[in-house]
Number of protein chains: 2
Amino acid sequence: MDAAQVFSTFPLTGDFLAGRLRDQFAVEELHILEGMMAGPRCLADGERLIARGQTAVQATILIDGFMIDRIIRDGKRFIVGLHVPGDFVDLHGFALKHLDHDIVAAGPVRIAQVGRDRLREVTQARPAMARALWFATLLDAAINRQWIRNLEALDAPQRIAHLYAELHHRLTLIGHNATRTLRTPFTQTDLADMCGVSAIHANRAVARLRELGLGEIRRGDLYIADWAALERYAGFDPAYLYGAAAPSR
Amino acid sequence: MDAAQVFSTFPLTGDFLAGRLRDQFAVEELHILEGMMAGPRCLADGERLIARGQTAVQATILIDGFMIDRIIRDGKRFIVGLHVPGDFVDLHGFALKHLDHDIVAAGPVRIAQVGRDRLREVTQARPAMARALWFATLLDAAINRQWIRNLEALDAPQRIAHLYAELHHRLTLIGHNATRTLRTPFTQTDLADMCGVSAIHANRAVARLRELGLGEIRRGDLYIADWAALERYAGFDPAYLYGAAAPSR
DNA sequence: CGTCACCTTGATCTGCCTCAAAAACCGTGG
DNA sequence: CCACGGTTTTTGAGGCAGATCAAGGTGACG
């Protein structure tokens, strides 16, 4: 099935686990998944989908655009996660009952949703589906661990480089080919809050990447010639994304 | 059932989800869980249980002691997670097939294990068990998110304070009452690698906490009079640990 | 064509790093 | 009981990354 077919058959869930376990699903299960989702529905830039502490009554898949996991404390914002199309953005809340962070649209997005009870039925009737959803949340956790390592190991320009390298790989897994340009809606303040630096320093880090000839970031969009050079600079190793290709060791 | 009874009846798994969902299990399921584990078995300080990339053939519960999730890169060590008794330390590997980090004993530990196939049988036969294990991995993820926030928000003394506050709460959930002393096997180098600072700076951060009268850390053991003061200093909010008590908002 | 959000630049200050070395502690064996 | 070697902790000095405060500049859009 080529990409166009995937999206006409599975307009809501066509990206779910694409490049990961998607190939291993029975076609029947892909249809069950698609059939249980209601939508699509749009959110505007900055619109909050889930508030911290709110009881989770549904699960949400991101179809188009980006969303962030956000913690606000003492008026300061910290971004602790980032979602691309095909991600279930609030699945952690399904088993935890509520979430410890907000989930917010970064730029305009399209989503689809399924109610908690329906989701529970499906997971109980189909262990394979439960395993897939579990897997999806563990992918989030693996990315979290990598973010921890990045914050512990990298300086500001490297963190930003790593972020874009990660996005590039995650988008490639779902068939978005960003060869020379990677478009995002992120402001430098967003990048700063993802990387744990001040907005001013994020600006200087972006300038550094430009000086080094590794890429040019303008209004969130990365213009780049040599992805391998960027990845080398950031110490990027895609193993933690659990793409379908073999693990790096 | 009081604590002594729990440990004579469930010597291997008595701490699993204690203070969290444990109360909601059917007694029968607690026995199934206990019965499937083989052990206990000991590991010495620094001994590696799982290597990054290794295919996961079993799941391991920590009974006594501490273990860390470690990534080594270019000869430098980064600690991306921390486990206390009752944690399944390598459960992420069960659904992901392999892990992106090593799991290592910090100090001597006791563990018990179950084979992958047996675990799969149990989770498929008992959706409640599958949900519980899923929940346990999501708890890890919630802690990861908090670590990301800490690295983004706190300076070195606050990070160390937060780490001990977290440990105190996690140990309390499983019935370890550390009122005036919290004993750990961590060197200042370990603390440094968990907090993303150099060992020398970790030492100065420890000294800072002493100066401030918040607590004295000697060879990993924290001597403390006022936990509330430490938590205030660290900006600690236990909501992310999903203890049985109501969420903080 | 003005306004608002975003990006850029400069200056100063602090936290943290690195290199270097000394002191305290711990287990071990004499 | 003490001497010993290795590990861990402590201290000092110099330098860099990143925070903060304060202005400008630039671009998108009504």
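Because only heavy atoms are used, hydrogens play no part in the values below, and waters and symmetry mates are left out as well, while side chains stay in. Within every chain, numbering begins at 1; the chains are lettered A, B, ... in the order of the sequence lines, protein sequences first and strands thereafter. Because the structure is predicted, anything quoted here is derived from the model rather than measured.
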Taking [atom1] from [X] and [atom2] from [N], how many angstroms apart are they, rounded to a whole number?
{"X": "A:His201", "N": "C:dT8", "atom1": "NE2", "atom2": "P", "value": "14 Å"}
{"X": "B:Ile200", "N": "C:dC19", "atom1": "CD1", "atom2": "P", "value": "9 Å"}
{"X": "B:Phe186", "N": "D:dT8", "atom1": "CZ", "atom2": "P", "value": "14 Å"}
{"X": "A:Leu209", "N": "C:dT8", "atom1": "CG", "atom2": "P", "value": "12 Å"}
{"X": "A:Asp45", "N": "C:dC6", "atom1": "CG", "atom2": "C1'", "value": "13 Å"}
{"X": "B:Arg219", "N": "D:dT7", "atom1": "CZ", "atom2": "P", "value": "12 Å"}
{"X": "A:Ile217", "N": "C:dC6", "atom1": "CD1", "atom2": "P", "value": "16 Å"}
{"X": "A:Lys76", "N": "D:dA19", "atom1": "NZ", "atom2": "C1'", "value": "11 Å"}

For this session: Not counting sequence neighbours, which residues clear ring-ring contact (aromatic ring centres under 6.0 Å, His included) with A:His169? List them please.
Result: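 A:His169 satisfies ring-ring contact (aromatic ring centres under 6.0 Å, His included) with A:Phe236 once adjacent residues are dropped.
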For this session: Select base, sugar-phosphate, or nothing to describe what B:Thr187 touches, counting heavy atoms under 4.0 Å on all strands.
Result: sugar-phosphate
Exercise. Just checking B:Arg208: base, sugar-phosphate only, or nothing, at a heavy-atom cut-off of under 4.0 Å?
Worked result: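 Here B:Arg208 touches no strand at all.
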Exercise. Is NZ or CZ of A:Arg180 both nearer than 6.0 Å to the six-membered ring centre of A:Tyr223 and within 45° of the ring axis?
Worked result: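 Negative - A:Arg180 is either too far from the ring of A:Tyr223 or too far off its axis.
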Exercise. When the ring centroid of B:His98 is compared with that of A:Tyr242, is the distance short of 6.0 Å?
Worked result: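 Ring centroids of B:His98 and A:Tyr242 are less than 6.0 Å from each other.
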Exercise. Going by an N to O cut-off under 4.0 Å, is there a salt bridge joining B:Arg208 and B:Glu211?
Worked result: yes
Exercise. Salt-bridged, A:Lys76 to A:Asp193, with N to O below 4.0 Å?
Worked result: no
Exercise. Got a sec: does the CZ of B:Arg210 have more than 12 other heavy atoms crowding it under 6.0 Å?
Worked result: yes
Seminar exercise, completed: Against the side chain of A:Arg210, the closest entry in C:dT8, D:dA19, C:dC7 is C:dT8
For this session: Please determine, for the side chain of B:Ser198, which listed nucleotide (D:dC21, C:dC17, D:dG18) has the closest atom?
Result: C:dC17
Problem set entry | Spacing of CG belonging to B:Asp90 relative to NE2 belonging to B:His83, to within rounding of 0.5 Å | 8.5 Å
Problem set entry | Interface with DNA chain D, restricted to residues 144-160 of chain B and to heavy atoms under 4.0 Å | none
For this session: Look at the side-chain N and O atoms of A:Asn203 and state whether any lies under 4.0 Å from the OP1 or OP2 oxygen of C:dT8.
Result: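 Checking C:dT8 against A:Asn203, a side-chain N or O does come within under 4.0 Å of OP1 or OP2.
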Seminar exercise, completed: Comparing nearest nucleotides in DNA chain D, the 5'-proximal residue of the pair B:Gln188, A:Gly196 is B:Gln188
For this session: Confirm from the modelled atom types if B:Arg204 and C:dG15 form a donor-acceptor pair under 3.5 Å, side chain to base only.
Result: no
